Amino acid sequence: MSEYVRIPGSARRYKNVDTGEEISRREYIKRTVKFTPEHKAYQRVKEGKAKPGVTFRKYEQAQRNKAIKKAEKGQIDFGFEGVDHELESRQMPTKRDYKVSQLAGSYYCRNNKTGRVTISNGFSTAIDSDKKPVFNSIEFLILREQAANHALAKFEEDYNWKVIGVYEEVWIDW
């Protein structure tokens, strides 16, 4: 295992004690923590430890672009089957108790004629918060279909678009 030492008087550069190789701070973080500083910032926002900033937005956009490019090449299977888990809930800023919930989703959509892939957002109808369906139940799939159809409706009169997968889904509590 390599050991790194910070080079005094340098602009955040590190030296590998074993080989003498000089690396940048970013490369040092990638080698020791096993992911990039941008990913680290992204995780801090997802964990609620930080507010979203420029790095978070750029990292998310880069991830979307990578997924879209893979989809255009046909390298991703966008099946609607997923892992069995609970969806994240986001509360709207109201001063009363939350009575209703709504499924909000971002969906990968492909144009059948051009092959172009994009992400579109959609929402389901509102339901009683106490009756949120279990993930992948029939009731949940109905709400997902509503949200996906709403996402497709944003393309207005272009009927060549088709939902090919789920990018993200969350519950919005009102």
Side-chain angles (χ1 to χ4, degrees), residues 34-94 96-174:
K34 305 295 184 211
F35 48 83
T36 64
E38 294 83 6
H39 182 74
K40 188 175 178 181
Y42 179 78
Q43 287 298 350
R44 288 184 48 77
V45 171
K46 287 292 187 183
E47 293 168 0
K49 294 179 182 176
K51 292 183 178 178
V54 174
T55 302
F56 175 80
R57 287 190 293 279
K58 284 185 177 181
Y59 184 83
E60 249 187 0
Q61 186 62 42
Q63 294 302 318
R64 282 190 196 115
N65 290 343
K66 284 180 187 176
I68 288 172
K69 285 180 183 176
K70 284 184 177 180
E72 287 173 346
K73 292 179 181 178
Q75 295 174 344
I76 294 179
D77 178 26
F78 287 112
F80 280 102
E81 304 80 32
V83 292
D84 191 20
H85 65 283
E86 291 295 318
L87 294 181
E88 175 187 340
S89 290
R90 296 182 183 166
Q91 280 78 33
M92 297 305 287
T94 59
R96 55 182 169 25
D97 291 335
Y98 301 108
K99 305 258 186 222
V100 295
S101 296
Q102 189 174 24
L103 183 66
S106 298
Y107 301 96
Y108 291 104
C109 301
R110 180 190 310 250
N111 188 306
N112 292 334
K113 284 190 175 178
T114 64
R116 186 172 154 235
V117 177
T118 189
I119 296 173
S120 182
N121 300 320
F123 301 92
S124 70
T125 57
I127 59 167
D128 187 356
S129 287
D130 296 330
K131 299 178 181 176
K132 277 187 195 174
V134 179
F135 185 74
N136 274 348
S137 65
I138 296 295
E139 294 85 9
F140 178 82
L141 294 176
I142 290 170
L143 294 174
R144 176 182 274 172
E145 185 70 25
Q146 289 175 355
N149 286 339
H150 185 258
L152 288 175
K154 292 190 175 182
F155 295 112
E156 295 180 355
E157 294 187 12
D158 189 355
Y159 300 108
N160 296 315
W161 289 92
K162 177 183 170 190
V163 172
I164 57 173
V166 178
Y167 176 71
E168 178 185 40
E169 287 180 326
V170 294
W171 287 109
I172 298 178
D173 297 326
W174 297 84

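Throughout, numbering of the chain's residues begins at 1 and tracks the sequence. Here the structure is a predicted model, which means the values were calculated and not measured.
- Taking every heavy atom of both residues into account, Lys113 and Asn111 meet most closely at N-OD1, 2.8 Å.
- Heavy-atom contacts from other residues, nucleotides or ligands closer than 6.0 Å to CD of Glu47 number more than 12.
- Checked by atom type and distance alone, the side chain of Ser106 never pairs as donor or acceptor with a backbone atom of Tyr167 at under 3.5 Å.
- Asn136 places a side-chain heavy atom less than 4.5 Å from the side chain of Leu141.
- For the side-chain contact (heavy atoms from CB on, under 4.5 Å) with Cys109, the qualifying choice from Ile119, Val117, Ile164, Val163 is Val163, the only one to do so.
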Original post:
Checking side chain to side chain contact (heavy atoms under 4.5 Å, CB included) for the pair Tyr108/Val166: CA distance, chi angles, key distance, verdict?
Top reply: CA-CA 6 Å; Tyr108 291 104; Val166 178; over 6 Å; no

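- In this structure, Tyr42 and Phe56 have parallel ring planes: the angle between them is below the 30° cut-off, well short of the 60° mark.
- When every heavy atom of Gln102 is checked against every heavy atom of Phe123, the shortest pair comes out as NE2-CB, 3.7 Å.
- Scanning both residues, Val134 and Phe140, for their nearest heavy atoms gives O-CB, 3.3 Å.
- For the residue pair Pro133 and Leu143, the shortest heavy atom distance occurs at CG-CD1, 3.8 Å.
- When atom types are taken as modelled, the side chain of Gln146 and the backbone of Thr125 share a donor-acceptor pair closer than 3.5 angstrom.
- Note on ring orientation: taking the six-membered ring where Trp is involved, the planes of Trp161 and Phe155 are parallel (angle under 30°, cut-offs 30° and 60°).
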Original post:
When you look at Asn121 and Lys154, which way does the side chain to side chain contact (heavy atoms under 4.5 Å, CB included) test go after all the steps?
Top reply: CA-CA 8 Å; Asn121 300 320; Lys154 292 190 175 182; 4.1 Å; yes

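- In this structure, Lys99 NZ and Ser129 OG are separated by 9.0 Å, a value rounded to the nearest 0.5 Å.
- To the nearest 0.5 Å, the span separating OG1 on Thr114 from CG on Asp158 amounts to 8.0 Å.
- Checked options His150, Glu169, Arg144; the residue passing with Tyr107 is Glu169 (criterion: side-chain hydrogen bond (donor to acceptor under 3.5 Å, both in side chains)).
- Salt-bridge annotation for Lys132 and Asp173: present, with a side-chain N of the basic residue lying under 4.0 Å from a carboxylate O of the acidic one.
- For the pair Arg57/Glu60, no side-chain contact is recorded, criterion being any heavy-atom separation below 4.5 Å from C-beta on.
- Donor-acceptor pairing under 3.5 Å is recorded for the side chains of His39 and Gln43.
- Asn112 and Lys162 make their closest contact through OD1-CB, 4.2 Å (heavy atoms, listed as atom of the first residue, atom of the second, distance).
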